[in-house]
Enquirer: 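One structure coming up, written as structure tokens, with questions to follow.
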Amino acid sequence: MKHKFPDNFLWGVAYSSHQVEGNNINNDWWEWEKKGKTKEESGWSCDSWNRYPVDHKLAQDLGCNAFRLSLEWSRIEPVEGRFSNEAIEHYGKVLKDLKKRGMKRCVTLWHWTSPLWFTSNYGWHKKESVDLFVRYCKKVVEELGDEIDIFISLNEPRLPLNRGYLLGQFPPGVRNPFLFKKARKHMIETQKECYKTVKKTKKEITCCLNEYYSPFYFSSKLERINFITKKIENFFNWKVMDEVAEFQDVIGIDYYRSFEVNLFLPSLKDKSQDGKFNDLLWGIWPEGIHKALAEIWDRYHKPIYIFENGLADKDDKYRAAFIKDHLKWLHRSISEGVDVRGYFHWSLIDNFEWLYGFEPRFGLCEMDYKTMQRKPRPSFYEYQKIIKNNGL
Ligand code: BGC
């Protein structure tokens, strides 16, 4: 075996509540979809609210020892300050089922969707957002903490912040740098407070934030030291992570793509290996995971998890090679001393891909949205082999 992984390495798959559960009628994305802002509406999505045992069984068949999912805030707290026992019980069952099947539970509290009462009365740009979210966090840790191994408070804050507050593409759909800064400040504050809450209530839970990280390749040395370069990297990659560095036990990273930047032209384009692009035209650049890990490790020296890595690939043309190539580079990082603890593939099943609706296919399993059948693609079996051998 050329690339053997450490004994306790976590092999997982990931998905999020709104993208798979279906019928999440009480959150801001549902409203956004109804306004016609997305290609399709999430509707019943994959009906994983009801069919989660099927998903868990698939992950178990894959050989996963970890599973990442998110809790839907709008189900747990449908009305401000009123928690739903039914929803909490449901998630309790979901998490227990994962344990029974031998998987560590990696739980995200917020994967981009917020309850309608929160967005219509407050929103992340309002200072109340911090306390309101921390109250939800506290409730979850008290009620479900025993069933959580890794706790991610916020998923990729920079993406919904940029798109929701600067580009107007995600809810709340504004273009306002002033509100953007406020919202970012509150999300940073939220991570700090959630961390303190978790550590006070259940200190054995590993707690972190999860951020989207795309390394930048600059075209010349001059650019690498340029102050604009620093600004770009800071804005996209470091800002939030730096601020919360001391308020997380480990670092969570999602890696999808890398960018090549030429400041003189100026231009920005996807790095791509052998001219390969996924169905969303994102370049496939496995080496970037190694660059990302090196940069993050150098900066923080904390254990790192890759909580998402994957591609839209309807015909499963590149997925198996994509996984292998990324894992080879990831393995190289480990052999160079970077403490990487796990890899979670995005995603177990095709699901609702936000603005793009159901067209992009990120799943190791193909979804038939009419029958709700999940069918493993060939890459599923390739990933299964890797997990079985704990390497490749
Ligand atoms: C998000 C997922 C999304 C994936 C693919 C990530 O940034 O966390 O929700 O489906 O990218 O676009």
Side-chain angles (χ1 to χ4, degrees), residues 12-22 24 27-30 32-33 38-42 45-46 48 55 67-73 106-114 150 152-164 167 169-171 187 191 208-215 236-237 240-241 251-259 270 277-285 288-289 292 305-314 318-319 322-323 326 342-367 369 379:
V13 283
Y15 62 33
S16 86
S17 56
H18 192 68
Q19 293 179 273
V20 299
E21 281 180 356
N24 273 327
N27 71 30
D28 54 344
W29 267 87
W30 186 272
W32 197 241
E33 293 156 25
T38 56
K39 231 175 170 173
E40 281 162 279
E41 295 177 16
S42 57
S45 192
C46 309
S48 290
D55 297 345
F67 194 104
R68 177 174 173 229
L69 74 161
S70 76
L71 306 182
E72 179 60 33
W73 184 10
C106 175
V107 175
T108 311
L109 263 198
W110 185 80
H111 200 120
W112 300 0
T113 50
S114 307
I150 303 178
I152 299 172
S153 43
L154 304 172
N155 181 64
E156 298 182 356
R158 79 113 140 139
L159 229 130
L161 279 169
N162 289 357
R163 296 200 162 192
L167 302 172
Q169 299 166 338
F170 280 16
M187 284 197 176
Q191 169 61 23
C208 66
L209 174 137
N210 187 42
E211 191 53 295
Y212 189 95
Y213 192 92
S214 289
F236 285 101
N237 287 336
V240 177
M241 279 203 280
I251 312 257
I253 291 298
D254 294 345
Y255 173 72
Y256 285 91
R257 62 212 282 212
S258 299
F259 294 106
D270 273 71
F277 290 85
N278 78 17
D279 294 344
L280 285 169
L281 301 181
W282 302 353
I284 296 180
W285 186 251
I289 202 167
Y305 286 90
I306 298 292
F307 281 132
E308 284 180 38
N309 171 241
L311 76 169
D313 184 16
K314 183 170 186 289
Y318 298 133
R319 191 171 284 105
F322 177 100
I323 295 175
H326 281 78
Y343 172 89
F344 291 68
H345 192 75
W346 185 276
S347 181
L348 174 66
I349 49 179
D350 293 335
N351 56 58
F352 178 70
E353 180 56 28
W354 309 111
L355 296 182
Y356 303 109
F358 291 104
E359 202 176 289
R361 301 282 183 150
F362 275 88
L364 288 161
C365 301
E366 182 184 351
M367 270 300 300
Y369 292 105
S379 55

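The first residue in the sequence is number 1, and the count goes up from there. Atoms within a ligand are numbered from 1 in the order they appear, just like the ligands themselves. Computed over heavy atoms, backbone and side chain alike; hydrogens, waters and symmetry mates excluded.
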Enquirer: For the rings on H111 and W346, is their centre-to-centre separation under 6.0 Å?
Expert: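 Close enough - the centres of the two rings lie under 6.0 Å apart.
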
Enquirer: Which ligand 1 atoms does Y212 reach within 4.0 Å, using its non-hydrogen atoms?
Expert: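 Those qualifying, in numeric order: 7 (O).
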
Enquirer: Could you check whether any side-chain N or O of R257 sits under 3.5 Å from a backbone N or O of G288, counting only pairs where one atom can act as donor and the other as acceptor?
Expert: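 No, R257 side chain to G288 backbone: no donor-acceptor pair under 3.5 Å.
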
Enquirer: Distance to 0.1 Å, residue and atom name: give those for the protein heavy atom nearest to atom 3 (C) of ligand 1.
Expert: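 Going by distance alone, atom 3 (C) of ligand 1 is nearest to E353 OE1, 3.6 Å.
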
Enquirer: Which of the numbered atoms in ligand 1 are below 4.0 angstrom from a heavy atom of Q19?
Expert: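 So the answer, numbered in order with elements, is 2 (C), 3 (C), 9 (O), 10 (O).
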
Enquirer: Considering only heavy atoms, which of Y256, Y15, Y356 lies nearest to atom 11 (O) of ligand 1?
Expert: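 Answer by nearest heavy atom: Y256.
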
Enquirer: Below 30° counts as parallel, above 60° as perpendicular, anything between as tilted: where do the rings of Y343 and H345 land?
Expert: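 Correct class here is tilted.
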
Enquirer: What do you reckon, does E156 have a nitrogen or oxygen under 3.5 Å from a nitrogen or oxygen of ligand 1?
Expert: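 Yes: some nitrogen or oxygen of E156 is under 3.5 Å from one in ligand 1.
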
Enquirer: Only one of N351, T108, D55 passes side-chain hydrogen bond (donor to acceptor under 3.5 Å, both in side chains) with Y15; say which it is.
Expert: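 With Y15 as partner, side-chain hydrogen bond (donor to acceptor under 3.5 Å, both in side chains) holds for just one option, D55.
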
Enquirer: Between N351 and ligand 1, which part of the residue brings a heavy atom under 4.0 Å of the ligand: side chain, backbone, both or neither?
Expert: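 No part of N351 is near ligand 1 at this cut-off.
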
Enquirer: How far does CG of L154 sit from CE of M187, to the nearest 0.5 angstrom?
Expert: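 Separation between the atoms: 6.0 Å.
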
Enquirer: Whether the N278 and D313 side chains hold a donor-acceptor pair (N or O, under 3.5 Å, no angle test) is what I'd like checked.
Expert: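 No, D313 and N278 have no side-chain donor paired with an acceptor closer than 3.5 Å.
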
Enquirer: At a 4.0 Å threshold, what atoms of ligand 1 neighbour a non-hydrogen atom of W282?
Expert: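 So the answer, numbered in order with elements, is 12 (O).
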
Enquirer: Check for a donor-acceptor pair, side chain of D350 on one end and backbone N or O of G363 on the other, with a separation under 3.5 Å.
Expert: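 Answer holds: yes.
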
Enquirer: State if F352 counts as touching ligand 1 under the rule of any non-hydrogen atom under 4.0 Å.
Expert: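 Outside the 4.0 Å threshold, so no.
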
Enquirer: Run through Y256, Y356, F322 and flag the one making a ring-ring contact (aromatic ring centres under 6.0 Å, His included) with W282.
Expert: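 Single pass found, and it is Y256.
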
Enquirer: Give me the residue, atom name and distance of the protein heavy atom closest to atom 1 (C) of ligand 1.
Expert: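 Minimum-distance protein heavy atom for atom 1 (C) of ligand 1 reads E308 OE1, 3.3 Å.
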
Enquirer: Output yes when the distance from some N or O of ligand 1 to some N or O of W112 is under 3.5 Å, and no in every other case.
Expert: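 N/O-N/O distance under 3.5 Å: no.
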
Enquirer: Within ligand 1, which atoms have a heavy atom of H111 less than 4.0 Å away?
Expert: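 In order of numbering, the contacting atoms are 1 (C), 2 (C), 8 (O), 9 (O).
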
